[in-house]
Protein chains: 2
Amino acid sequence: MKFKRGDELKQKLERFREQFKEHKMTPQRRVVLQALLENSESHLSAEEVYALAKEIDSEIGLATIYRTLDLLEELNIVHKLHFGDGRSRYELCHVSSEHHHHHLVCLNCNQILEVKEDLLHQLETVIEKEHGFHIIDHRVQFYGYCAQCDKTKSNT
Amino acid sequence: MKFKRGDELKQKLERFREQFKEHKMTPQRRVVLQALLENSESHLSAEEVYALAKEIDSEIGLATIYRTLDLLEELNIVHKLHFGDGRSRYELCHVSSEHHHHHLVCLNCNQILEVKEDLLHQLETVIEKEHGFHIIDHRVQFYGYCAQCDKTKSNT
DNA sequence: GTACATGCAAACCTTTTGCACAGGG
DNA sequence: CCCTGTGCAAAAGGTTTGCATGTAC
């Protein structure tokens, strides 16, 4: 989604600025953040972020995208995701939820859906107790067939 | 672990042979299977399988390793795992457990531990009901600090 | 002004592919 | 014997890096 009022974007960027600490807020970094904000529902690859960023600043380089995404990950502004398709994907951290949501990867249409439930907490508690493993974060992907594909599939 | 009696290996290979269906059981494929069987606790990368395979057959090519691993995945003999370190890793499917175990990735020593618990079933049930998503498989990774590293860490 | 950031191109690393040859069923 | 599998080397991604130039603070 594009921002109806430029103000809204500026406000959000201002908020990131604080998280940047001593790191410089450059036009390129702003452009990457804007691209991510305008596609906060997607799981963009570096190449996709690059394409979006180029629409705003045609001079921007791919290396800058990678370096910026690395920085954003380090600053906990984005999460790097691995769906096993040979490229990393990135999504803005949703500050509201202290934890990730989960991903449902459709084996048929490759659509990636999201779930919010966090029953995983129970499992984490068991693991922390039984293995003494201190869990910081988790990545969960479910593979299967989405409602539509599952229907189509059973007809064949 | 090496096999104390060659018989044991031969037996296991024979069992895979059935799963191979019309695919040919070549010496190279046997070597890859042997390497995987002798390291069933590890999560080997293609390069690592290659190194192990070369010890048995120094003529084997890396492309063959990749092609064999692809085949083994297709035949549900191995699982391809993505830990986000830029390379795929493979592990033998444990036929005994209908489902995967989970992986604990230590952020400090990069050790990969495993858990067997499957409380995830509850979560899957909720997801199947609420999203109509038909789950076939899942990949779960927990990131955090293993018991040793966690101890060390709190001392610093 | 200075340390950090950028763009470009080359390098890198993992994985894939084309092709001529080899060998399993 | 035929079709599939193999080895090699080249190509193909995705990502990183070196370096000269540019710029946020």
Side-chain angles (χ1 to χ4, degrees), chain A residues 10 13-14 16-35 43-75 77-90, chain B residues 10 13-14 16-35 43-75 77-90:
Chain A
K10 275 180 204 144
L13 289 178
E14 197 54 38
F16 285 127
R17 188 183 208 133
E18 296 159 25
Q19 291 185 62
F20 264 56
K21 302 175 195 166
E22 64 283 5
H23 298 278
K24 291 172 185 167
M25 178 55 90
T26 65
Q28 289 88 343
R29 289 174 178 177
R30 251 187 288 267
V31 164
V32 170
L33 284 170
Q34 184 181 341
H43 307 88
L44 301 172
S45 65
E47 206 66 52
E48 287 166 342
V49 174
Y50 181 45
L52 290 164
K54 270 211 147 165
E55 288 177 16
I56 311 174
D57 168 10
S58 61
E59 297 287 282
I60 203 166
L62 181 54
T64 302
I65 304 294
Y66 277 104
R67 283 186 284 229
T68 302
L69 289 171
D70 279 355
L71 175 64
L72 295 180
E73 199 199 4
E74 185 193 323
L75 297 176
I77 293 174
V78 301
H79 278 127
K80 197 173 186 174
L81 305 168
H82 308 281
F83 293 122
D85 61 347
R87 77 205 66 190
S88 298
R89 297 187 165 276
Y90 301 83
Chain B
K10 275 181 205 143
L13 290 178
E14 199 52 41
F16 284 128
R17 191 187 205 129
E18 297 159 24
Q19 289 183 64
F20 263 56
K21 301 174 197 167
E22 64 282 5
H23 299 277
K24 292 174 184 168
M25 177 57 90
T26 65
Q28 289 87 342
R29 289 176 178 174
R30 252 188 288 268
V31 164
V32 169
L33 284 170
Q34 184 181 344
H43 306 89
L44 300 172
S45 65
E47 205 69 50
E48 287 166 343
V49 174
Y50 181 45
L52 291 164
K54 271 210 147 163
E55 286 178 17
I56 310 174
D57 168 10
S58 61
E59 297 287 282
I60 203 166
L62 180 53
T64 301
I65 303 295
Y66 277 104
R67 283 185 283 227
T68 302
L69 290 171
D70 280 355
L71 174 65
L72 295 180
E73 198 198 5
E74 186 194 322
L75 298 177
I77 294 174
V78 303
H79 278 126
K80 197 173 185 174
L81 305 168
H82 308 280
F83 293 121
D85 62 346
R87 80 204 65 190
S88 299
R89 296 185 166 277
Y90 302 83

Asker: Quick one: does Thr68(A)'s side chain have a donor or acceptor within less than 3.5 Å of a partner on Thr64(A)'s backbone?
Answerer: yes
Asker: dT15(D) P sits how many Å from Glu48(A) CD, rounded?
Answerer: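 Between P of dT15(D) and CD of Glu48(A): 11 Å.
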Asker: Expressed in angstrom and rounded to an integer, what is the separation of Asp85(B) atom CG from dT14(C) atom C1'?
Answerer: 11 Å
Asker: Side-chain N or O of Arg17(B) versus OP1/OP2 of dG25(C): is the shortest distance under 4.0 Å?
Answerer: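 Checking Arg17(B) against dG25(C): at least one side-chain N or O falls below 4.0 Å of OP1 or OP2.
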Asker: For dA22(C) and Gln28(B) - does any side-chain N or O of the residue sit under 4.0 Å from the phosphate oxygens OP1/OP2?
Answerer: no
Asker: Measure the distance from CD1 on Ile65(A) to C1' on dA5(C) and round it to the nearest whole Å.
Answerer: 13 Å
Asker: Measure the distance from CG on Leu71(A) to P on dA5(C) and round it to the nearest whole Å.
Answerer: 7 Å
Asker: Counting heavy atoms from C-beta on, name the nucleotide in dG25(C), dA5(C), dA9(D) closest to the side chain of Lys24(B).
Answerer: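 Comparing dG25(C), dA5(C), dA9(D) against the side chain of Lys24(B), the answer is dG25(C).
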Asker: Within this structure, what is the CZ-to-P distance between Phe83(B) and dT14(C), rounded to whole angstrom?
Answerer: 17 Å
Asker: Would you say that Phe20(B) contacts Arg29(B) through its side chain, given a criterion of any heavy-atom pair below 4.5 Å between the two side chains?
Answerer: yes
Asker: According to a strict under-4.0 Å criterion, is Ser88(B) in side-chain N/O contact with OP1 or OP2 of dT15(C)?
Answerer: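 Yes, such a contact exists.
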Asker: CG of Leu72(A) versus C1' of dA5(C): gap in Å, rounded?
Answerer: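 These atoms are roughly 14 Å apart.
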Asker: Side chain of Ala63(B), heavy atoms from C-beta onward: which of dG25(C), dA9(C), dA9(D) has the nearest atom to it?
Answerer: dA9(D)
Asker: Salt bridge between Glu48(A) and Arg89(A), side-chain N to carboxylate O under 4.0 Å?
Answerer: yes
Asker: Give the rounded distance in Å between these two atoms: CD of Glu73(A) and P of dT16(D).
Answerer: 10 Å
Asker: Can you tell which of dT17(D), dG7(C), dA5(C) lies closest to the side chain of Arg29(A)?
Answerer: dA5(C)
Asker: Arg87(A) side chain N/O closer than 4.0 Å to the phosphate oxygens (OP1, OP2) of dG13(D)?
Answerer: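 Negative; the distance criterion is not met.
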Asker: Strictly below 4.0 Å: does Tyr66(B) bring a side-chain N or O up to OP1 or OP2 of dT16(C)?
Answerer: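 So the side-chain polar atoms of Tyr66(B) never come under 4.0 Å of the phosphate oxygens OP1 or OP2 of dT16(C).
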Asker: Please work out if Glu59(A) contacts a base, only the sugar-phosphate, or nothing of the nucleic acid, heavy-atom cut-off 4.0 Å.
Answerer: sugar-phosphate
Asker: Looking at dG18(D), dT15(D), dC25(D), which one has an atom nearest to any side-chain atom of Arg67(A)?
Answerer: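 Out of dG18(D), dT15(D), dC25(D), the nucleotide with an atom closest to Arg67(A)'s side chain is dG18(D).
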Asker: Please check if the side chain of Arg87(A) supplies one atom and the backbone of Ser45(A) the other of a donor-acceptor pair under 3.5 Å.
Answerer: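 Not a single qualifying donor-acceptor pair exists.
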Asker: Measuring only between side-chain heavy atoms, which start at C-beta, is Tyr90(B) closer than 4.5 Å to Leu44(B)?
Answerer: no
Asker: Are any of Thr26(A)'s side-chain N or O atoms less than 4.0 Å away from OP1 or OP2 of dT6(C)?
Answerer: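 So the side-chain polar atoms of Thr26(A) do come within 4.0 Å of the phosphate oxygens OP1 or OP2 of dT6(C), strictly under.
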Asker: Can you check whether His23(B) has a side-chain N or O nearer than 4.0 Å to OP1 or OP2 of dG5(D)?
Answerer: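 So the side chain of His23(B) is within the cut-off, an N or O lying under 4.0 Å from OP1 or OP2 of dG5(D).
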Asker: Do Leu69(B) and Lys80(B) have side chains that approach each other closer than 4.5 Å (heavy atoms only, starting at C-beta)?
Answerer: no
Asker: Have a look at Leu62(B) and say if it touches a base, only the backbone sugar-phosphate, or nothing, with a 4.0 Å heavy-atom cut-off.
Answerer: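 Here Leu62(B) touches the bases of the nucleic acid.
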Asker: How long is the line joining OH of Tyr50(A) and C1' of dG13(D), in whole Å?
Answerer: 16 Å
